[in-house]
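Supplied in structure tokens, the structure appears directly below.
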Amino acid sequence: MKRRKNLLIITCVTLLLTSFVVQASMPVPDLLPFGQLKLDKGPAWEEKQVSGNSVENDSVEEDGAEEVETAQDVLDEDAIGSGAILISDKTAEDYELAYERAKNANWGYTNLGIADVGDNLNVRAIAAEDGRLVGKLPRNAACEVLDSDDTWAHIKSGSVEGYVSLDYLLTGVPAKFKAEELAVTVAKVTTDSLKVRAEANTESEVITLVAMGEELEVAAVEGDWVKVLLDDDEVYVSAEYVEVSAELGTAVTMTELLYGQGVSDVRVDVCQYAKEFIGNPYVWGGTSLTKGADCSGFVMKVFQKYGVKLPRNSRSQANCGTTIKVSEAKPGDLIFYARGKTINHVAIYIGNGQVVHASSPKTGIKISNISYRTPFKAVRILYD
């Protein structure tokens, strides 16, 4: 009797181990890449406060926030990982589906590349040093690596697709670690016209309006409000009308670097010169185009090269030259922005509805749409 009992126990253990081996042998996708495209808004986003902090009137039309699907959602809250397969009732197909849906959580890239250069990495139409330029990948900007050999990588970044030298591109694990340092949390406007306020309540001063699709750098998420950086000012927008995500910089097309007929050589030169410093740091009070400048210091130093002497701060610069309509601005004209009626920021118009400016300590010198906030004034200081 004792022998039969022992035999029964051995048989049960053997069957149990066999089951574990069968399940563990199922194909398991690689570990999910780290990094997250969209931030978890947390419970504070689910429980709206009924108080003076109401945000119901801060948009012309409401645009609901899109729900973010993660691998955890797909698996109905089951743990993710090879060890979990031993105890989960999910099939290999379930895990493969979770992997496919979540792999782009790596800031939207499957095979991430980061430009590892001092200024800009040339993107060429063919994999050759004399290939036609189709765009520029600024320092620390990201791209999707479509294919590569020992010398060139076929990449896509923003609307630019072409070839870059592998010598100046981080890929694999180094690219992911670099991206962790570089990713900027932004709030993308999801409504036609969003009010930017000085404080986190609907009674606060409206500083400016931001158009749909524009992105503002996030400083903090505070319940129903998102604290954002409007250049170097901390202001607030309604959380209801923005989509918060982590983003990496992308390439600049050659079209964005060219100008239409009737634009003088000096204007083209000014804009091209200014764009050489994209990605360099913002430093409050600074005037160095390489080591760091604030908005007015950047503008002052760019025009100094062309023999134009400008005052040190943006308010004084706004009194120079001739005031023109913003709609009449040409490349090389200055665009000013204000808080209320007080000018606090200046940028250089570069054509195609864009400006280059020293924006904030996080983003440094960058290109933005001219309407990334409401322009206050345009000034012409180049006469041709």
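All values derive from a computational prediction rather than experimental measurement. Side chains are part of it too, since the values below use all heavy atoms of this structure and drop only hydrogens, waters and symmetry mates. The residues of the chain are indexed from 1 along the displayed sequence.
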Side chains of Ser245 and Glu247: any donor to acceptor distance under 3.5 Å? yes
* To do: Determine whether the side chains of Ser316 and Asn313 contain a donor N or O and an acceptor N or O closer than 3.5 Å.
  => yes
Note: with side-chain heavy atoms under 4.5 Å as the link, the other cluster members for Trp284 come out as Tyr282
Side chain proximity check, Leu166 to Asp150, heavy atoms < 4.5 angstrom: no
Going by chain and number, the hydrophobic cluster around Tyr163 (ILVMFWY, side chain to side chain under 4.5 Å) further includes Trp152
* Asked: Would a 4.5 Å heavy-atom cut-off, applied to side chains only, mark Leu169 and Val145 as touching?
  -> yes
Can I get a per-line list of side-chain donor-acceptor pairs under 3.5 Å for residues 123-131, giving both atom names and the distance, sequence neighbours left out?
unit_1, atom_1, unit_2, atom_2, d
Arg124, NE, Glu129, O, 3.3
Arg124, NH1, Glu129, O, 3.4
Arg124, NH1, Gly131, O, 2.7
Arg124, NH2, Glu129, O, 3.4

For Tyr109 and Thr250, the nearest pair of non-hydrogen atoms, with its separation, is OH-CG2, 3.6 Å
In this structure, is the centre-to-centre distance between the rings of His357 and Tyr337 below 6.0 Å? no
Residues passing the side chain to side chain contact (heavy atoms under 4.5 Å, CB included) test with Asn280, sequence neighbours excluded, are Arg139, Phe277, Thr290, Ile365
Lys366 and Ser368 have their tightest heavy-atom pair at CE-OG, 3.5 Å
Here the gap from Thr208 atom OG1 to His345 atom NE2, rounded to the nearest 0.5 Å, amounts to 12.0 Å
Residues pairing under salt bridge (charged side-chain N to carboxylate O under 4.0 Å, His left out) where one sits in residues 153-171, two or more places apart or in two chains, turn out to be none
Interatomic distance, CD1@Ile381 vs CG@Leu310, rounded to 0.5 Å, equals 4.5 Å
Assess the side chains of Ser296 and Ser314: does a donor N or O sit below 3.5 Å from an acceptor N or O?
no
Output for pair (Glu276 CD, Tyr273 OH), nearest 0.5 Å, gives 7.0 Å
**Q.** Trace of the side chain to side chain contact (heavy atoms under 4.5 Å, CB included) decision for Val221 with Thr185
**A.** CA-CA 10 Å; Val221 176; Thr185 304; over 6 Å; no
Separation between CD1 (Ile367) and CD1 (Ile278), nearest 0.5 Å, reads 3.5 Å
Lys377 and Thr323, any side-chain heavy atoms less than 4.5 Å apart | yes
Looking only at heavy atoms, the pair that brings Val355 and Ala347 closest together is CB-CB, 3.7 Å
Between the CG atom in Asn344 and the SG atom in Cys295, the distance rounded to the nearest 0.5 Å is 7.5 Å
For Lys291 and Val283 the tightest heavy-atom approach is O-CG2, 3.8 Å
Would you call Asp294 and Arg312 a salt bridge, using N to O less than 4.0 angstrom? yes
Applying side chain to side chain contact (heavy atoms under 4.5 Å, CB included) to Ala115 and not counting sequence neighbours gives Val117, Leu121, Leu137
message: One thing to verify: whether Asp231 and Arg373 come together as a salt bridge, which I'm taking to mean a side-chain N less than 4.0 angstrom from a carboxylate O.
response: yes
Interatomic distance, CG@Leu230 vs CD@Glu217, rounded to 0.5 Å, equals 11.0 Å
